[in-house]
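Numbering of ligands and ligand atoms starts at 1, following listing order. Computation of the quantities below employed the complete heavy-atom set of this structure, encompassing side-chain atoms and omitting hydrogens, waters and symmetry-equivalent molecules.
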Amino acid sequence: MKIIQVRDYKELSKAAFDVIAETLKQNENASINTTTGASYDGTFELLVEAINAGELNIANSIFTNLDEYVAERDKPFTVYTYMHKKFYDLIKVHPKYIGLMDGSVEDVEAELNRYRKVLDKYPRDLQIVGLGTNAHLAANEPGTPFNSRLFLADSDQSTIDSTMGYHNLTAEEAPTQMLTMGLADIMEAKHILVASSGERKAAAVKAALEGPIHEDCPASILRAHPNVTFIMDDAAASLLDKKY
Ligand SMILES: N[C@@H]1[C@@H](O)[C@H](O)[C@@H](COP(=O)(O)O)O[C@@H]1O
C-alpha cells in the first residue's frame, strides 16, 4: 500500500486529483468508479477545472459510481444529484459512458442485475473510495462479508448521521438504505484510491491500517489489495501508532 500523508484537505484534494489525472494520462480509455461525498468535493473541483481548461481528456473514459441511496433521484442527497451538480453539469467534455445506479426503482433486484452487467462490461482501472466514520466502504457496513457483491444495504446509524450532517437533513428526510457495490466488487479494481480527511476519520483510518483484517472493519480488506494509494491528512492520521 502506498500511503501519502499530507497537511490538510487542500493538499489531500490535490494529491487525489493527481492520482486520477495520472490514470487518465496513462490510459485515456480508463474505467473509473467513484464514490461521492465530502472527502472528494475538492478533488472534483480540480477535475472540473482541468477538464474545462483542456488539460485532461475524459472523452474516451468510463465513469461509474459505487453506491446510491434508495430515494427519488432528484433528492439533494443522492449520488445522482451529487455527480450532476458537482461534475457532469459543470464539465464541457463528457465521458464516453456514464453509469449510475437508480435508487428510485421499484424492482431493486432488476436494477442490481442491470448494474452488474455495467460493472462486468467495464472492469475498473481505478476505484475511488472514502471511509465511513465506522470504516465502512461504500455502504458495506461493519459485519458485511468480505465476499459481498452488489446488494441492497441497510445503513448504520453513524452513516445516517453523517449523511444528515453533510446534507443538512432531518431524521425523517435522511435515507436509510443504499444500493451498493460489494467489497469483492471494490477489490476487483486494478488500483484503489482512498482519501480520508479530518479528525472524524482518525479512528477509521487507524482501524483500517493498524487493526485486524476482519469483517468488523470493512476498510481493513484494502490491506489485501496489491495496489492501493491511501491519502490522509495530518488530522486523519493523528491516531496512528506508526509513521508511514
Ligand atoms: N456511502 C458513502 C460512501 O460512498 C462515502 O465514501 C463515505 C464517506 O463519505 P464522506 O467523504 O462524506 O465522509 O460514506 C458514505 O456513507
Side-chain angles (χ1 to χ4, degrees), residues 8-10 12-13 15-17 19-20 32-47 63-71 75-83 85-87 99-101 103 115 119 124 126-144 148 150-169 173-183 185-187 189 192-205 207-208 217-222 228-233 235-237:
D8 54 19
Y9 184 76
K10 194 170 176 216
L12 174 116
S13 301
F17 165 82
V19 170
I20 301 165
I32 298 178
N33 183 287
T34 185
T35 187
T36 50
S39 306
Y40 290 98
D41 282 345
T43 305
F44 276 108
E45 278 173 28
L46 293 173
L47 280 171
F63 270 76
T64 50
N65 277 86
L66 91 168
D67 53 14
E68 179 56 285
Y69 294 102
V70 172
K75 292 279 187 199
F77 54 78
T78 62
V79 168
Y80 179 91
T81 299
Y82 183 105
M83 289 306 294
K85 286 240 161 80
K86 299 198 185 222
F87 195 46
L100 284 153
M101 278 186 272
Y115 210 65
L119 295 181
R124 279 73 63 209
L126 181 65
Q127 176 68 63
I128 304 170
V129 292
L131 296 194
T133 52
N134 60 0
H136 73 221
L137 288 180
N140 295 264
E141 300 286 14
T144 305
S148 61
L150 270 178
F151 69 110
L152 174 64
D154 292 321
S155 297
D156 278 7
Q157 192 56 46
S158 64
T159 303
I160 298 170
D161 292 345
S162 295
T163 310
M164 282 167 64
Y166 181 55
H167 294 286
N168 214 0
L169 305 174
E173 292 165 330
T176 59
Q177 288 188 305
M178 293 194 97
L179 307 187
T180 182
M181 282 166 62
L183 295 167
D185 299 314
I186 290 169
M187 290 291 279
I192 301 179
L193 168 65
V194 194
S196 286
S197 171
E199 235 174 69
R200 75 185 189 100
K201 293 294 173 73
V205 168
C217 178
S220 65
I221 197 175
L222 296 170
V228 173
T229 302
F230 199 126
I231 306 169
M232 64 188 103
D233 59 16

### Query
Side-chain donor-acceptor pair under 3.5 Å between Ser13 and Glu45, yes or no?
no
### Aromatic ring pairing Tyr82/Tyr166, orientation class (parallel under 30°, perpendicular over 60°, tilted between)
tilted
For ligand 1, list all ligand N or O to protein N or O distances below 3.5 Å, rounded to 0.1 Å.
unit_1: ligand 1; atom_1: 1 (N); unit_2: Asp67; atom_2: OD2; d: 3.0
unit_1: ligand 1; atom_1: 1 (N); unit_2: Ala138; atom_2: O; d: 3.1
unit_1: ligand 1; atom_1: 4 (O); unit_2: Thr35; atom_2: OG1; d: 2.6
unit_1: ligand 1; atom_1: 4 (O); unit_2: Asp67; atom_2: OD2; d: 2.8
unit_1: ligand 1; atom_1: 6 (O); unit_2: Thr35; atom_2: OG1; d: 2.7
unit_1: ligand 1; atom_1: 11 (O); unit_2: Ala38; atom_2: N; d: 3.3
unit_1: ligand 1; atom_1: 11 (O); unit_2: Ser39; atom_2: N; d: 2.8
unit_1: ligand 1; atom_1: 11 (O); unit_2: Ser39; atom_2: OG; d: 2.5
unit_1: ligand 1; atom_1: 12 (O); unit_2: Ala38; atom_2: N; d: 2.8
unit_1: ligand 1; atom_1: 13 (O); unit_2: Arg200; atom_2: NH2; d: 2.7
unit_1: ligand 1; atom_1: 13 (O); unit_2: Lys201; atom_2: NZ; d: 2.6
unit_1: ligand 1; atom_1: 14 (O); unit_2: His136; atom_2: NE2; d: 3.0
unit_1: ligand 1; atom_1: 16 (O); unit_2: His136; atom_2: NE2; d: 3.2

### Task
Tell me, please, which residues at least two apart from Asp161 pass side-chain hydrogen bond (donor to acceptor under 3.5 Å, both in side chains).
Gln157
In a table with atom names and distances, give each donor-acceptor pair under 3.5 Å that connects a side chain of residues 197-204 to protein atoms at least two apart or in another chain.
unit_1: Ser197; atom_1: OG; unit_2: Asp233; atom_2: OD2; d: 2.6
unit_1: Lys201; atom_1: NZ; unit_2: Leu131; atom_2: O; d: 2.8

### Summary
Contacts of Asp154 meeting salt bridge (Lys or Arg N to Asp or Glu O under 4.0 Å) (sequence neighbours excluded), chain-then-number -> none
### Query
For the residue pair Phe77 and Tyr69, does the interplanar ring angle fall in the parallel (under 30°), tilted (30 to 60°) or perpendicular (over 60°) class?
perpendicular
